[in-house]
Amino acid sequence: VKHPLQNCWALWYFENDRNNVWENNLKEIASFQTVEDFWSLYNHIKLASELKQGCDYSLFKKGVKPMWEDEANRRGGRWLISLEKKQRPNELDRFWLDIILCLIGEAFENSDEVCGATVNLRSKGDKIGLWTADATNGNAVLEIGRRLKERLRLPPKILIGYQSHKDTMDKSGSVTKSSYTL
Ligand code: M7G
């Protein structure tokens, strides 16, 4: 018998095709709700570092689209880990897998607040974001951020910032201010 996860999760893939509006480039690839089905999926898809520039993977609770406008996300925000270019070959895949294991293993006290996570492959530097449901829930946001840093073994001097999606949306292009930094 397979080992059930507490939640059902969906994996999404985004490929940057400029002929389409952003949302239409977003595709739900697969979903799973057991440990075994997670590993069979993981073992048969490309590593994040093997995706083309401009592509994303997202892992979200089933039923939540990996976009700001989704009802589950629209009051929320994300913890953002900005990677240096040189981290793609040696750290990106480990960070992404560790974040997935935190999500599906419900590693946070406030796991109910977690919506999902995204990895963006970008020439200017890759990004990993952990999305939570309520940017005004400071206690939950901070607990999740602290644990995330711990689980990814990010050194204290590497700072991560939390930004509400509303601020990200309004600031599109320029730098978004962080509501919290850890
Ligand atoms: P990005 O892919 O998050 O980061 O956003 P990047 O700037 O490093 O590539 C790029 C652009 O994609 C944004 O400026 C938006 O036009 C669009 N976009 C990204 N996200 C996450 C969303 C979203 O959730 N909803 C909508 N409508 N557009 C988005």
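Please read these numbers as outputs of a predicted model, since none were measured by experiment. Whatever order the structure lists ligands and atoms in, that order sets their numbers, starting from 1.
Under the 4.0 Å criterion applied to side-chain N and carboxylate O atoms, Asp56 and Arg122 are assigned as salt-bridge partners. For the pair Arg88 and Asp126, the salt-bridge criterion is met [side-chain N within less than 4.0 Å of a carboxylate O]. Checked for salt-bridge contact, Glu15 and Lys52 meet the test: a charged N lies under 4.0 Å from a carboxylate O. The pair Arg74-Asp70 fails the salt-bridge criterion, with no side-chain N (NZ, NE, NH1 or NH2) lying under 4.0 Å from an Asp/Glu carboxylate O.
Considering each of Met169, His165, Glu69, Arg122, the one bringing a non-hydrogen atom nearest atom 25 (N) of ligand 1 is Glu69.
When only interatomic distances are considered, the shortest N/O to N/O separation between Trp68 and ligand 1 falls below 3.5 Å. Taking only nitrogen or oxygen atoms, main chain and side chain alike, Trp131 does not reach within less than 3.5 Å of ligand 1.
Aromatic ring centres of Trp9 and Phe38: separated by at least 6.0 Å.
Ligand 1 places these atoms under 4.0 Å from at least one heavy atom of Lys124: 6 (P), 7 (O), 8 (O).
Proximity of Lys127 to ligand 1, defined as any heavy-atom pair under 4.0 Å, is confined to the side chain (atoms from C-beta onward).
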